2 protein chains.
Amino acid sequence: MKLSQRGEYALRALLVLGMNHGSGVVRIRDIAQQQNIPRRFLEQILNDLKSAGFVLSKRGVAGGYRLQRAPGEISLADIIRHLEGPLAPVGCVSVNYYQRCSCPDEGKCAIRSVMQEVRDAIVGVLEGVSVAHLCDRVCDLQGPLENPLDYII
Amino acid sequence: MKLSQRGEYALRALLVLGMNHGSGVVRIRDIAQQQNIPRRFLEQILNDLKSAGFVLSKRGVAGGYRLQRAPGEISLADIIRHLEGPLAPVGCVSVNYYQRCSCPDEGKCAIRSVMQEVRDAIVGVLEGVSVAHLCDRVCDLQGPLENPLDYII
DNA sequence: TAGAATCCCGACCTATTTAGTCAAGTATCG
DNA sequence: CGATACTTGACTAAATAGGTCGGGATTCTA
């Protein structure tokens with residue numbers, strides 16, 4: 001479950017949108033600058049997140065992006081699954097992207113049984129964390145600041 | 001931590017060697033046939049495992065491979081780390097392959113703190129399972145068979 | 001209603017990784 | 001000696017990663 005650069009950028013962007021949820025849209029350019037992400041690349045990523053239903057966009061002069069669903073309704077597992085495919089280390093233990101492997105009998109494959117545990121461990125963490133949780137962590141980690149804009153994501 | 005084909009082949013090969021530990025060497029060809037792994041590719045992999053100190057080889061007519069250390073001393077974490085690099089989903093939470101990321105302050109990065117948990121979850125499973133454990137699982141999963149050679153790995 | 005700001009879309013590019021293949025060489029046993 | 005195995009290094013095709021780019025479509029505002 002190596003997270004690609006693309007995936008990390010997506011998480012960071014969604015976290016920015018989460019922190020700004022309720023206060024209108026955020027421009028690509030601002031996210032790119034704040035998070036030091038190549039702007040064109042981020043466009044591509046946000047577009048992808050849009051067609052996947054994670055974010056909404058508004059065009060034109062005062063345009064930008066915002067979360068489509070409430071931050072609490074978006075789990076990291078969902079996001080990463082969409083961007084990177086299976087969370088499981090091997091296809092034969094993936095629930096959402098199952099792919100049979102070449103074992104003669106999956107039910108009796110020792111390696112598979114370990115990978116099953118790995119998958120469960122990964123999913124256990126990522127299903128349990130939403131964008132809202134991420135936002136909470138930002139506040140917890142940085143302590144009480146005066147200005148919300150001071151938060152470093 | 002997506003396991004590559006190469007990585008999966010390596011685990012399967014080591015499991016075969018684990019099951020045959022103590023009874024001499026096993027030929028590449030036999031492993032390849034039994035596990036349905038391309039023979040040439042497996043050669044490459046075993047060679048790699050050899051220079052990493054996981055296995056020993058014997059050349060010539062009655063040649064083949066065997067584990068270098070006891071099966072109980074080889075954890076899946078070690079194997080996978082050697083073959084695939086970091087177990088952590090991002091470099092900035094990897095203990096063995098740490099790499100700084102572009103966050104302004106890692107200690108206060110919310111995404112990092114989640115990835116830390118993911119890493120710990122993965123490592124927790126893989127450090128706890130050795131080749132010997134894998135062999136045990138093979139037996140557990142397949143029930144008591146008459147002939148050890150009947151075990152399907 | 002023009003023009004600036006912003007997102008939208010698809011094509012394109014380069015480097016790296018993945019999954020192998022292959023030929024020729026070296027050691028070992030009988 | 002000769003058959004059998006491992007050894008070594010080069011090679012290749014396809015996929016993926018990480019971007020870049022040009023131009024089009026909307027929307028706001030003066």
Side-chain angles (χ1 to χ4, degrees), chain A residues 1-13 16-17 24-33 35-68 80 83-86 89-91 97 99 101-102, chain B residues 1-13 17 24-33 35-52 54-68 80 83-86 89-91 97 99 101-102:
Chain A
M1 217 268 326
K2 177 79 135 231
L3 196 62
S4 65
Q5 207 54 19
R6 184 188 178 84
E8 193 187 321
Y9 289 161
L11 290 185
R12 302 231 291 251
V16 172
L17 297 183
V25 298
V26 184
R27 289 182 301 178
I28 285 185
R29 182 198 306 173
D30 294 335
I31 303 176
Q33 251 167 36
Q35 296 295 314
N36 201 31
I37 300 171
R39 199 171 57 89
R40 295 293 213 160
F41 195 24
L42 183 57
E43 273 184 30
Q44 204 183 89
I45 295 169
L46 282 171
N47 224 297
D48 183 3
L49 291 174
K50 182 189 161 192
S51 51
F54 291 109
V55 302
L56 285 180
S57 66
K58 195 184 161 200
R59 283 153 94 133
V61 169
Y65 287 89
R66 66 179 181 81
L67 294 182
Q68 172 154 18
I80 296 179
L83 284 136
E84 316 263 331
V90 293
Y97 299 81
Q99 241 185 333
C101 83
S102 58
Chain B
M1 217 267 327
K2 178 79 137 229
L3 197 62
S4 65
Q5 207 53 21
R6 184 187 177 85
E8 193 186 321
Y9 289 161
L11 291 185
R12 300 230 293 250
L17 296 183
V25 299
V26 185
R27 289 183 302 175
I28 285 184
R29 182 198 305 174
D30 293 335
I31 302 175
Q33 251 168 38
Q35 295 296 313
N36 201 32
I37 300 172
R39 199 171 57 90
R40 298 291 209 157
F41 195 24
L42 184 57
E43 275 182 25
Q44 205 182 87
I45 294 168
L46 283 171
N47 224 294
D48 182 4
L49 290 175
K50 182 188 163 193
S51 50
F54 291 108
V55 301
L56 285 179
S57 65
K58 195 184 162 202
R59 284 154 96 132
V61 169
Y65 287 89
R66 66 179 180 83
L67 294 183
Q68 172 155 14
I80 296 179
L83 285 136
E84 316 262 332
V90 292
Y97 298 82
Q99 239 184 336
C101 82
S102 58

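Because the structure is predicted, anything quoted here is derived from the model rather than measured. Throughout, a chain's letter reflects where its sequence line sits, starting with A, and its residues are numbered from 1.
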Enquirer: If I take atom CD in residue B/E8 and atom C1' in nucleotide C/dG20, what distance separates them, rounded to the nearest angstrom?
Expert: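 Going from CD in B/E8 over to C1' in C/dG20 covers 16 Å.
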Enquirer: What is the distance, to the nearest angstrom, from the CD1 atom on A/I31 to the C1' atom on C/dT6?
Expert: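 The distance from CD1 of A/I31 to C1' of C/dT6 comes to 13 Å, rounded to the nearest Å.
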Enquirer: For A/R40 and B/R6, find the nucleotide of DNA chain C closest to each by heavy atoms; which residue's nucleotide sits nearer the 5' end?
Expert: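 Nearest-nucleotide comparison on DNA chain C picks A/R40.
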Enquirer: Using whole Å, report how far CG of A/L3 lies from P of D/dA17.
Expert: 11 Å
Enquirer: Any donor-acceptor pair under 3.5 Å linking the side chain of A/R66 with the backbone of A/G24?
Expert: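 Checked: no pair found.
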Enquirer: Output the rounded distance in Å from CD (A/Q44) to C1' (D/dG18).
Expert: 9 Å
Enquirer: Let me know the distance between CZ of A/R39 and C1' of C/dA5, rounded to the nearest Å.
Expert: 11 Å
Enquirer: Measuring from atom SG of A/C101 to atom CD of B/Q5, what distance do you get when rounded to the nearest 0.5 angstrom?
Expert: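 It is 9.0 Å, given to the nearest 0.5 Å.
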Enquirer: Does B/E84 use its side chain to pair, donor to acceptor, with the backbone of B/S4 at less than 3.5 Å?
Expert: yes
Enquirer: Over all strands shown, is A/L46 touching base, sugar-phosphate only, or nothing at heavy-atom distances under 4.0 angstrom?
Expert: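 The residue A/L46 makes no contact with any strand.
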Enquirer: Kindly compute the distance separating CG (B/D48) from CZ (B/F54), expressed to the nearest 0.5 Å.
Expert: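 B/D48 atom CG to B/F54 atom CZ measures 9.0 Å (nearest 0.5 Å).
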Enquirer: Quick one, which residues of residues 57-66 of chain A touch DNA chain C with a heavy atom under 4.0 Å?
Expert: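 Here the set is A/S57, A/K58, A/R59, A/G60, A/V61, A/G63, A/G64, A/Y65.
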Enquirer: Over how many whole Å does the gap from A/K2 atom NZ to D/dA17 atom P extend?
Expert: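 It is 12 Å, rounded to the nearest whole Å.
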Enquirer: Under 3.5 Å, is there any donor-acceptor pair linking the side chain of A/E43 to the base of D/dT20?
Expert: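 A donor-acceptor contact between them is absent.
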Enquirer: Hey, does the side chain of B/Y9 come within less than 4.0 Å of C/dA19's phosphate (OP1/OP2), counting only N and O?
Expert: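 The answer is no; no side-chain N or O of B/Y9 sits under 4.0 Å from OP1 or OP2.
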Enquirer: Got A/P86 and B/K2 here, is their nearest side-chain heavy-atom distance under 4.5 Å?
Expert: yes
Enquirer: Can you find a side chain N or O atom of A/R27 that sits less than 4.0 Å from OP1 or OP2 on C/dC7?
Expert: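 So the side chain of A/R27 is outside the cut-off, no N or O lying under 4.0 Å from OP1 or OP2 of C/dC7.
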Enquirer: Distance from B/I37 atom CD1 to B/R6 atom CZ, nearest 0.5 Å?
Expert: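 Answer for the CD1-CZ pair, B/I37 versus B/R6, is 12.0 Å.
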Enquirer: Expressed in angstrom and rounded to an integer, what is the separation of A/N36 atom CG from D/dG19 atom P?
Expert: 10 Å
Enquirer: So, does B/K50 get its side chain near the phosphate of D/dT7, meaning an N or O under 4.0 Å from OP1 or OP2?
Expert: yes
Enquirer: Whole angstrom is fine here: how far is it from CG in A/N47 over to P in C/dA11?
Expert: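 My rounded result for the distance is 14 Å.
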Enquirer: If you compare all heavy atoms of A/R27 against all heavy atoms of A/G63, which two are closest, and at what distance to 0.1 Å?
Expert: CG-O, 3.4 Å
